[in-house]
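Below is one structure, written out as C-alpha coordinates; comments come after it.
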Number of protein chains: 2
Amino acid sequence: MVNVSEVVENFREFIKSKGLKYTPEREEILREILECKEHFDVDELYIKLKKRGSKVSKASIYRTIPLLIEAGYVQEVYKQNNRAYYEVVLNKMPHIHFICLNCKNVEEIEDERLVTLIKEYADQKGFTLLSYHLEVFGVCNNCRNEE
Amino acid sequence: MVNVSEVVENFREFIKSKGLKYTPEREEILREILECKEHFDVDELYIKLKKRGSKVSKASIYRTIPLLIEAGYVQEVYKQNNRAYYEVVLNKMPHIHFICLNCKNVEEIEDERLVTLIKEYADQKGFTLLSYHLEVFGVCNNCRNEE
DNA sequence: CTATATGCAAAACCTTTGCACGATA
DNA sequence: TATCGTGCAAAGGTTTTGCATATAG
(Lines give C-alpha, C1' and ligand atoms only; values in the text may rest on other atoms or scores of the structure.)
Protein backbone atom coordinates (compact mmCIF):
# COMPACT_ATOMS: atom_id res chain seq x y z
CA MET A 1 0.00 0.00 0.00
CA VAL A 2 0.84 3.64 -0.27
CA ASN A 3 2.75 5.22 2.56
CA VAL A 4 0.55 8.26 3.12
CA SER A 5 2.89 10.40 5.18
CA GLU A 6 5.68 9.82 2.72
CA VAL A 7 3.48 10.95 -0.17
CA VAL A 8 2.28 13.94 1.79
CA GLU A 9 5.88 14.90 2.48
CA ASN A 10 6.84 14.50 -1.16
CA PHE A 11 3.92 16.61 -2.19
CA ARG A 12 4.96 19.34 0.20
CA GLU A 13 8.41 19.37 -1.32
CA PHE A 14 6.94 19.38 -4.80
CA ILE A 15 4.77 22.40 -3.99
CA LYS A 16 7.62 24.27 -2.40
CA SER A 17 10.00 23.49 -5.22
CA LYS A 18 7.58 25.29 -7.48
CA GLY A 19 7.58 28.36 -5.26
CA LEU A 20 3.97 27.72 -4.22
CA LYS A 21 2.50 27.60 -0.77
CA TYR A 22 1.68 24.48 1.11
CA THR A 23 -1.81 24.87 2.56
CA PRO A 24 -4.04 22.73 4.76
CA GLU A 25 -6.59 22.58 1.95
CA ARG A 26 -4.10 21.06 -0.46
CA GLU A 27 -3.11 18.49 2.11
CA GLU A 28 -6.71 17.64 2.94
CA ILE A 29 -7.47 17.07 -0.71
CA LEU A 30 -4.40 14.93 -1.22
CA ARG A 31 -5.18 12.79 1.84
CA GLU A 32 -8.76 12.29 0.80
CA ILE A 33 -7.70 11.26 -2.69
CA LEU A 34 -5.23 8.76 -1.31
CA GLU A 35 -8.17 7.09 0.42
CA CYS A 36 -9.94 6.54 -2.88
CA LYS A 37 -9.74 2.93 -3.91
CA GLU A 38 -11.80 3.44 -7.02
CA HIS A 39 -12.24 6.08 -9.64
CA PHE A 40 -13.59 9.31 -8.31
CA ASP A 41 -14.88 12.62 -9.57
CA VAL A 42 -14.76 16.10 -8.11
CA ASP A 43 -18.26 15.94 -6.71
CA GLU A 44 -17.72 12.69 -4.86
CA LEU A 45 -14.52 14.03 -3.40
CA TYR A 46 -16.24 17.21 -2.34
CA ILE A 47 -19.03 15.33 -0.60
CA LYS A 48 -16.60 13.04 1.21
CA LEU A 49 -14.64 16.03 2.45
CA LYS A 50 -17.82 17.76 3.59
CA LYS A 51 -18.86 14.70 5.55
CA ARG A 52 -15.58 14.81 7.40
CA GLY A 53 -16.31 18.39 8.32
CA SER A 54 -13.85 19.86 5.88
CA LYS A 55 -14.52 23.33 4.55
CA VAL A 56 -12.69 23.08 1.23
CA SER A 57 -14.53 24.41 -1.76
CA LYS A 58 -14.98 22.77 -5.09
CA ALA A 59 -12.92 25.55 -6.61
CA SER A 60 -9.95 24.44 -4.52
CA ILE A 61 -10.43 20.87 -5.58
CA TYR A 62 -10.52 21.93 -9.21
CA ARG A 63 -7.39 23.98 -8.63
CA THR A 64 -5.51 21.26 -6.74
CA ILE A 65 -6.09 18.30 -9.02
CA PRO A 66 -3.85 19.62 -11.79
CA LEU A 67 -1.05 19.91 -9.24
CA LEU A 68 -1.57 16.33 -8.13
CA ILE A 69 -1.53 15.22 -11.72
CA GLU A 70 1.66 17.15 -12.35
CA ALA A 71 3.20 15.61 -9.26
CA GLY A 72 2.36 12.21 -10.69
CA TYR A 73 -0.06 10.99 -8.02
CA VAL A 74 -3.30 11.26 -9.91
CA GLN A 75 -4.43 10.64 -13.43
CA GLU A 76 -7.55 11.39 -15.35
CA VAL A 77 -8.88 8.10 -16.60
CA TYR A 78 -12.04 8.88 -18.52
CA LYS A 79 -15.02 11.17 -18.81
CA GLN A 80 -18.62 10.22 -18.49
CA ASN A 81 -21.66 12.49 -18.60
CA ASN A 82 -19.32 15.41 -19.08
CA ARG A 83 -17.65 14.70 -15.83
CA ALA A 84 -14.00 13.80 -15.39
CA TYR A 85 -13.04 10.72 -13.41
CA TYR A 86 -9.67 10.34 -11.79
CA GLU A 87 -7.67 7.70 -10.00
CA VAL A 88 -4.62 7.45 -7.81
CA VAL A 89 -1.75 6.00 -9.80
CA LEU A 90 0.69 5.43 -6.94
CA ASN A 91 1.78 1.85 -6.48
CA LYS A 92 -0.87 0.85 -8.87
CA MET A 93 -0.07 -1.58 -11.61
CA PRO A 94 -1.03 -0.13 -14.97
CA HIS A 95 -4.25 -1.72 -16.06
CA ILE A 96 -6.81 -2.27 -18.75
CA HIS A 97 -10.27 -0.75 -18.51
CA PHE A 98 -13.10 -2.66 -20.11
CA ILE A 99 -15.84 -0.13 -20.64
CA CYS A 100 -19.33 -1.27 -21.56
CA LEU A 101 -20.93 1.24 -23.89
CA ASN A 102 -24.37 0.08 -22.90
CA CYS A 103 -24.39 0.00 -19.09
CA LYS A 104 -21.31 2.23 -18.72
CA ASN A 105 -19.75 -0.21 -16.31
CA VAL A 106 -15.95 -0.12 -16.10
CA GLU A 107 -14.06 -3.25 -15.21
CA GLU A 108 -10.38 -3.20 -14.43
CA ILE A 109 -7.79 -5.83 -15.25
CA GLU A 110 -4.10 -5.94 -14.55
CA ASP A 111 -1.70 -7.62 -16.88
CA GLU A 112 2.02 -8.24 -16.85
CA ARG A 113 2.40 -8.87 -20.54
CA LEU A 114 1.01 -5.47 -21.38
CA VAL A 115 3.57 -3.84 -19.12
CA THR A 116 6.37 -5.75 -20.83
CA LEU A 117 5.09 -4.89 -24.25
CA ILE A 118 4.88 -1.19 -23.59
CA LYS A 119 8.26 -1.03 -21.89
CA GLU A 120 9.76 -2.71 -24.89
CA TYR A 121 8.41 -0.08 -27.26
CA ALA A 122 9.31 2.75 -24.94
CA ASP A 123 12.93 1.54 -24.68
CA GLN A 124 13.10 1.15 -28.41
CA LYS A 125 11.95 4.73 -28.94
CA GLY A 126 13.96 6.24 -26.11
CA PHE A 127 10.67 7.27 -24.58
CA THR A 128 10.67 7.92 -20.82
CA LEU A 129 7.58 6.16 -19.57
CA LEU A 130 5.44 7.92 -17.00
CA SER A 131 2.06 6.27 -17.15
CA TYR A 132 -0.50 4.89 -19.51
CA HIS A 133 -3.98 3.57 -19.75
CA LEU A 134 -5.69 1.19 -22.06
CA GLU A 135 -9.37 1.53 -22.66
CA VAL A 136 -11.35 -1.16 -24.33
CA PHE A 137 -14.85 -0.38 -25.52
CA GLY A 138 -17.57 -2.86 -26.21
CA VAL A 139 -20.62 -4.54 -24.79
CA CYS A 140 -20.37 -6.60 -21.64
CA ASN A 141 -21.71 -10.09 -21.22
CA ASN A 142 -24.74 -9.03 -19.18
CA CYS A 143 -25.89 -6.41 -21.64
CA ARG A 144 -25.47 -8.68 -24.61
CA ASN A 145 -27.62 -11.36 -23.05
CA GLU A 146 -30.37 -8.94 -22.20
CA GLU A 147 -30.93 -7.88 -25.78
CA MET B 1 -11.06 1.98 -47.31
CA VAL B 2 -14.58 2.15 -46.09
CA ASN B 3 -17.34 1.40 -48.56
CA VAL B 4 -19.58 4.36 -47.91
CA SER B 5 -22.78 3.17 -49.53
CA GLU B 6 -22.49 -0.12 -47.71
CA VAL B 7 -22.15 1.62 -44.38
CA VAL B 8 -25.03 3.93 -45.18
CA GLU B 9 -27.20 0.94 -46.01
CA ASN B 10 -26.21 -0.85 -42.83
CA PHE B 11 -27.00 2.22 -40.82
CA ARG B 12 -30.42 2.46 -42.43
CA GLU B 13 -31.13 -1.10 -41.40
CA PHE B 14 -29.82 -0.46 -37.94
CA ILE B 15 -32.11 2.54 -37.53
CA LYS B 16 -35.13 0.69 -38.85
CA SER B 17 -34.45 -2.36 -36.73
CA LYS B 18 -34.79 -0.09 -33.73
CA GLY B 19 -38.16 1.19 -34.91
CA LEU B 20 -36.72 4.63 -35.58
CA LYS B 21 -37.01 6.74 -38.67
CA TYR B 22 -34.34 7.10 -41.28
CA THR B 23 -34.01 10.77 -42.08
CA PRO B 24 -31.90 12.78 -44.52
CA GLU B 25 -30.30 14.55 -41.57
CA ARG B 26 -29.09 11.29 -40.10
CA GLU B 27 -27.64 10.25 -43.40
CA GLU B 28 -25.97 13.61 -43.98
CA ILE B 29 -24.30 13.39 -40.62
CA LEU B 30 -23.13 9.83 -41.17
CA ARG B 31 -21.71 10.68 -44.59
CA GLU B 32 -19.89 13.69 -43.28
CA ILE B 33 -18.39 11.68 -40.46
CA LEU B 34 -17.18 9.00 -42.83
CA GLU B 35 -15.18 11.71 -44.57
CA CYS B 36 -13.29 12.52 -41.40
CA LYS B 37 -9.78 11.17 -41.51
CA GLU B 38 -8.80 12.56 -38.15
CA HIS B 39 -10.42 13.10 -34.82
CA PHE B 40 -13.31 15.52 -34.96
CA ASP B 41 -15.67 17.31 -32.62
CA VAL B 42 -19.27 18.40 -32.96
CA ASP B 43 -18.43 21.95 -33.86
CA GLU B 44 -16.08 21.02 -36.67
CA LEU B 45 -18.66 18.67 -38.06
CA TYR B 46 -21.34 21.31 -37.85
CA ILE B 47 -19.19 23.84 -39.70
CA LYS B 48 -18.29 21.37 -42.43
CA LEU B 49 -21.94 20.54 -42.94
CA LYS B 50 -22.86 24.21 -43.07
CA LYS B 51 -20.21 24.85 -45.70
CA ARG B 52 -21.79 22.18 -47.84
CA GLY B 53 -25.08 23.99 -47.55
CA SER B 54 -26.57 21.50 -45.13
CA LYS B 55 -29.21 22.75 -42.73
CA VAL B 56 -28.73 20.25 -39.92
CA SER B 57 -28.64 21.69 -36.45
CA LYS B 58 -26.14 20.95 -33.75
CA ALA B 59 -28.95 19.39 -31.77
CA SER B 60 -29.36 16.79 -34.48
CA ILE B 61 -25.67 16.07 -34.49
CA TYR B 62 -25.71 15.63 -30.74
CA ARG B 63 -28.68 13.34 -31.08
CA THR B 64 -27.22 11.31 -33.94
CA ILE B 65 -23.75 10.60 -32.61
CA PRO B 66 -24.95 8.24 -29.88
CA LEU B 67 -26.71 6.22 -32.57
CA LEU B 68 -23.55 6.04 -34.63
CA ILE B 69 -21.63 4.95 -31.57
CA GLU B 70 -24.21 2.32 -30.80
CA ALA B 71 -24.04 1.13 -34.39
CA GLY B 72 -20.31 0.78 -33.94
CA TYR B 73 -19.09 3.30 -36.52
CA VAL B 74 -17.89 6.01 -34.25
CA GLN B 75 -16.08 6.22 -30.95
CA GLU B 76 -15.33 8.93 -28.51
CA VAL B 77 -11.57 9.05 -28.14
CA TYR B 78 -10.84 11.80 -25.70
CA LYS B 79 -11.96 15.11 -24.31
CA GLN B 80 -10.06 18.34 -24.41
CA ASN B 81 -11.24 21.66 -23.06
CA ASN B 82 -14.50 20.01 -22.09
CA ARG B 83 -15.14 19.06 -25.64
CA ALA B 84 -15.55 15.51 -26.88
CA TYR B 85 -13.49 14.29 -29.81
CA TYR B 86 -14.59 11.35 -31.90
CA GLU B 87 -13.17 9.18 -34.61
CA VAL B 88 -14.46 6.71 -37.16
CA VAL B 89 -13.49 3.24 -36.07
CA LEU B 90 -14.38 1.40 -39.26
CA ASN B 91 -11.47 -0.43 -40.83
CA LYS B 92 -9.03 1.21 -38.49
CA MET B 93 -6.44 -0.97 -36.79
CA PRO B 94 -6.38 -0.37 -33.06
CA HIS B 95 -3.31 1.57 -32.13
CA ILE B 96 -1.04 2.80 -29.37
CA HIS B 97 -0.58 6.52 -28.84
CA PHE B 98 2.73 7.63 -27.38
CA ILE B 99 2.05 11.07 -26.04
CA CYS B 100 4.91 13.33 -25.04
CA LEU B 101 3.86 15.46 -22.11
CA ASN B 102 6.47 18.02 -22.99
CA CYS B 103 6.07 18.73 -26.70
CA LYS B 104 2.54 17.23 -26.89
CA ASN B 105 3.53 15.20 -29.89
CA VAL B 106 1.50 12.03 -30.47
CA GLU B 107 3.07 9.08 -32.21
CA GLU B 108 0.93 6.22 -33.36
CA ILE B 109 2.04 2.59 -33.38
CA GLU B 110 0.19 -0.54 -34.41
CA ASP B 111 0.91 -3.81 -32.70
CA GLU B 112 -0.34 -7.32 -33.26
CA ARG B 113 0.53 -8.72 -29.86
CA LEU B 114 -1.60 -6.13 -28.19
CA VAL B 115 -4.54 -7.10 -30.36
CA THR B 116 -4.09 -10.74 -29.41
CA LEU B 117 -3.81 -9.93 -25.75
CA ILE B 118 -6.98 -7.90 -25.65
CA LYS B 119 -8.98 -10.36 -27.68
CA GLU B 120 -7.95 -13.04 -25.25
CA TYR B 121 -9.30 -11.11 -22.28
CA ALA B 122 -12.44 -10.07 -24.10
CA ASP B 123 -13.25 -13.68 -25.00
CA GLN B 124 -12.60 -14.72 -21.47
CA LYS B 125 -15.05 -12.16 -20.13
CA GLY B 126 -17.68 -12.60 -22.83
CA PHE B 127 -17.07 -9.00 -23.76
CA THR B 128 -18.03 -8.00 -27.30
CA LEU B 129 -15.09 -5.97 -28.50
CA LEU B 130 -15.82 -2.82 -30.45
CA SER B 131 -12.63 -0.84 -30.23
CA TYR B 132 -9.95 0.35 -27.90
CA HIS B 133 -7.11 2.72 -27.54
CA LEU B 134 -3.95 2.71 -25.52
CA GLU B 135 -2.40 5.94 -24.44
CA VAL B 136 1.12 6.05 -23.12
CA PHE B 137 2.33 9.21 -21.43
CA GLY B 138 5.92 10.20 -20.97
CA VAL B 139 8.74 12.26 -22.38
CA CYS B 140 10.03 11.61 -25.88
CA ASN B 141 13.64 11.15 -26.81
CA ASN B 142 14.05 14.63 -28.31
CA CYS B 143 12.67 16.42 -25.29
CA ARG B 144 14.71 14.42 -22.85
CA ASN B 145 17.94 15.25 -24.63
CA GLU B 146 17.15 18.93 -24.67
CA GLU B 147 16.85 19.22 -20.91
C1' DC C 1 -52.73 9.58 -39.54
C1' DT C 2 -49.51 8.61 -35.81
C1' DA C 3 -45.15 8.46 -33.97
C1' DT C 4 -40.80 10.14 -34.29
C1' DA C 5 -37.30 13.82 -35.71
C1' DT C 6 -35.96 18.48 -36.31
C1' DG C 7 -34.62 23.29 -35.14
C1' DC C 8 -34.61 26.77 -32.08
C1' DA C 9 -33.72 28.70 -27.85
C1' DA C 10 -33.48 28.02 -23.17
C1' DA C 11 -31.86 25.12 -19.54
C1' DA C 12 -28.60 22.21 -17.35
C1' DC C 13 -24.22 21.04 -16.22
C1' DC C 14 -19.36 20.84 -15.14
C1' DT C 15 -15.45 23.68 -14.91
C1' DT C 16 -13.12 28.07 -14.82
C1' DT C 17 -12.47 32.66 -13.23
C1' DG C 18 -12.72 37.48 -10.90
C1' DC C 19 -12.60 39.39 -6.69
C1' DA C 20 -12.18 40.41 -1.80
C1' DC C 21 -10.41 38.38 2.07
C1' DG C 22 -7.26 35.28 4.48
C1' DA C 23 -3.02 32.69 5.18
C1' DT C 24 1.77 31.35 4.08
C1' DA C 25 6.68 32.10 4.00
C1' DT D 1 4.62 42.24 4.36
C1' DA D 2 4.28 40.57 -0.21
C1' DT D 3 2.64 36.87 -2.55
C1' DC D 4 -0.17 33.25 -3.18
C1' DG D 5 -4.53 30.57 -1.97
C1' DT D 6 -9.32 30.30 -0.74
C1' DG D 7 -14.31 30.65 -1.03
C1' DC D 8 -18.04 32.56 -3.17
C1' DA D 9 -20.70 33.56 -6.88
C1' DA D 10 -20.88 34.58 -11.50
C1' DA D 11 -19.31 33.52 -16.07
C1' DG D 12 -18.09 30.37 -19.74
C1' DG D 13 -18.84 26.81 -22.94
C1' DT D 14 -20.49 22.30 -24.26
C1' DT D 15 -24.26 19.30 -24.26
C1' DT D 16 -29.12 18.39 -23.26
C1' DT D 17 -33.92 19.28 -23.43
C1' DG D 18 -38.86 21.30 -24.06
C1' DC D 19 -41.78 22.62 -27.40
C1' DA D 20 -43.96 23.62 -31.76
C1' DT D 21 -43.52 22.23 -36.30
C1' DA D 22 -42.27 19.06 -39.95
C1' DT D 23 -41.67 14.53 -41.81
C1' DA D 24 -41.25 9.39 -42.21
C1' DG D 25 -43.74 5.19 -42.44
Side-chain angles (χ1 to χ4, degrees), chain A residues 8-9 11-33 39-50 52-71 74 76-86 104, chain B residues 8-9 11-33 39-50 52-71 74-86:
Chain A
V8 168
E9 182 52 29
F11 184 54
R12 205 174 68 98
E13 278 165 24
F14 171 82
I15 290 291
K16 297 212 155 188
S17 75
K18 290 180 69 82
L20 303 175
K21 290 171 181 174
Y22 192 69
T23 65
E25 288 84 358
R26 286 179 173 161
E27 186 169 324
E28 273 185 282
I29 293 166
L30 170 58
R31 285 183 184 275
E32 193 64 57
I33 282 176
H39 304 154
F40 62 91
D41 61 32
V42 170
D43 219 57
E44 276 168 44
L45 203 61
Y46 178 71
I47 291 170
K48 278 195 196 171
L49 283 161
K50 276 290 167 215
R52 295 201 180 195
S54 169
K55 292 193 176 59
V56 290
S57 65
K58 277 191 191 175
S60 288
I61 297 177
Y62 277 113
R63 286 188 274 228
T64 300
I65 286 180
L67 292 170
L68 294 170
I69 290 176
E70 200 187 333
V74 171
E76 184 182 319
V77 275
Y78 57 90
K79 298 218 184 182
Q80 212 166 72
N81 299 116
N82 298 324
R83 186 177 306 180
Y85 285 82
Y86 305 90
K104 310 296 181 190
Chain B
V8 168
E9 181 51 30
F11 185 53
R12 205 173 69 97
E13 277 165 25
F14 171 81
I15 289 291
K16 296 211 155 191
S17 76
K18 290 180 70 81
L20 303 175
K21 290 172 179 172
Y22 191 70
T23 65
E25 288 84 357
R26 285 180 174 159
E27 187 170 321
E28 274 187 282
I29 293 166
L30 170 57
R31 283 182 185 276
E32 193 64 57
I33 284 176
H39 302 156
F40 63 90
D41 62 32
V42 170
D43 221 55
E44 277 168 43
L45 204 60
Y46 177 71
I47 291 169
K48 279 195 197 171
L49 282 162
K50 276 288 170 219
R52 294 202 180 193
S54 169
K55 291 192 176 61
V56 289
S57 64
K58 277 192 190 173
S60 287
I61 297 177
Y62 278 113
R63 287 189 272 229
T64 299
I65 286 179
L67 292 170
L68 294 169
I69 290 175
E70 200 188 333
V74 171
Q75 184 190 313
E76 183 182 319
V77 276
Y78 57 89
K79 297 222 185 181
Q80 212 165 72
N81 299 115
N82 297 324
R83 186 179 308 180
Y85 285 83
Y86 305 90

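Throughout, a chain's letter reflects where its sequence line sits, starting with A, and its residues are numbered from 1.
Look at A:K18 and A:E70 and you find a salt bridge, because one of the NZ, NE, NH1 or NH2 atoms lies within 4.0 Å of a carboxylate O, short of that distance. A salt bridge links B:R12 with B:E9; the closest basic N to acidic carboxylate O contact falls under 4.0 Å.
Going from atom CG of B:D41 over to atom C1' of D:dT15 covers 12 Å, rounded to whole Å. We find that CD1 of A:I69 is positioned 11 Å from P of C:dT15, with the value rounded to whole Å. Note: CD1 (B:I29) to C1' (C:dG7) measures 12 Å, nearest angstrom. Between B:I61 atom CD1 and C:dC8 atom P the separation is 12 Å, expressed in whole Å. Rounded to whole angstrom, the span from the CD atom of B:E25 across to the P atom of C:dT4 amounts to 17 Å. In this structure, OH of A:Y85 is placed 11 Å from C1' of C:dC14, rounded to the nearest angstrom. One atom, CG of A:L45, and another, C1' of C:dT15, lie 15 Å apart when rounded to the nearest Å. At whole-Å resolution of the value, CZ in A:R26 and P in C:dG22 are 19 Å apart.
For A:Y62, no side-chain nitrogen or oxygen approaches OP1 or OP2 of C:dT16 to under 4.0 Å. The phosphate of C:dA5 (OP1 or OP2) has no side-chain N or O of B:S60 nearer than 4.0 angstrom. Residue A:R83 has no polar side-chain atom (N or O) positioned under 4.0 Å from OP1 or OP2 of C:dC13. Between A:K16 and C:dA25, a side-chain N or O to OP1/OP2 separation shorter than 4.0 Å is present. Neither OP1 nor OP2 of D:dC4 sits under 4.0 Å from any side-chain N or O of A:T23.
Within the 4.0 angstrom heavy-atom criterion, no nucleotide atom of any strand lies near A:K18. Nucleic acid contact class of A:K58 (heavy atoms, under 4.0 Å, all strands): none. Across all strands shown, A:R63 has heavy atoms under 4.0 Å from base atoms, whether or not it also approaches the sugar-phosphate.
Residue order along DNA chain D, read from the 5' end via each residue's closest nucleotide, puts A:K21 first among A:K21 and B:P66. Residues A:P24 and A:D43 both approach DNA chain C. Their nearest nucleotides, taken by heavy-atom distance, put A:D43 toward the 5′ side. Residue whose closest nucleotide on DNA chain C sits further toward the 5' end, between B:L20 and B:Y46: B:L20. Between B:R12 and B:N82, it is B:N82 whose nearest contact on DNA chain D lies nearer the 5' terminus.
Atom NZ of B:K55 sits in a sparse spot, with 12 or fewer heavy atoms from other residues, nucleotides or ligands closer than 6.0 Å.
Relative to the side chain of B:V56, the nucleotides C:dG7, D:dT6, C:dT15 differ in distance, and C:dG7 lies closest. Side chain of B:A59, nearest nucleotide from C:dA25, C:dA5, D:dT17: D:dT17. Closest to the side chain of B:V42, from the set D:dG25, D:dT15, C:dT17, is D:dT15.
Closest non-hydrogen pair, A:E44 versus A:Y85, comes out as OE2-CE2, 4.0 Å. Across every non-hydrogen atom of A:E32 and A:L45, the tightest pair is CG-CD1, 3.8 Å.
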Decide yes or no on salt bridge (Lys or Arg N to Asp or Glu O under 4.0 Å) for B:K16 and B:E13, but give the supporting numbers first. CA-CA 5 Å; B:K16 296 211 155 191; B:E13 277 165 25; over 6 Å; no

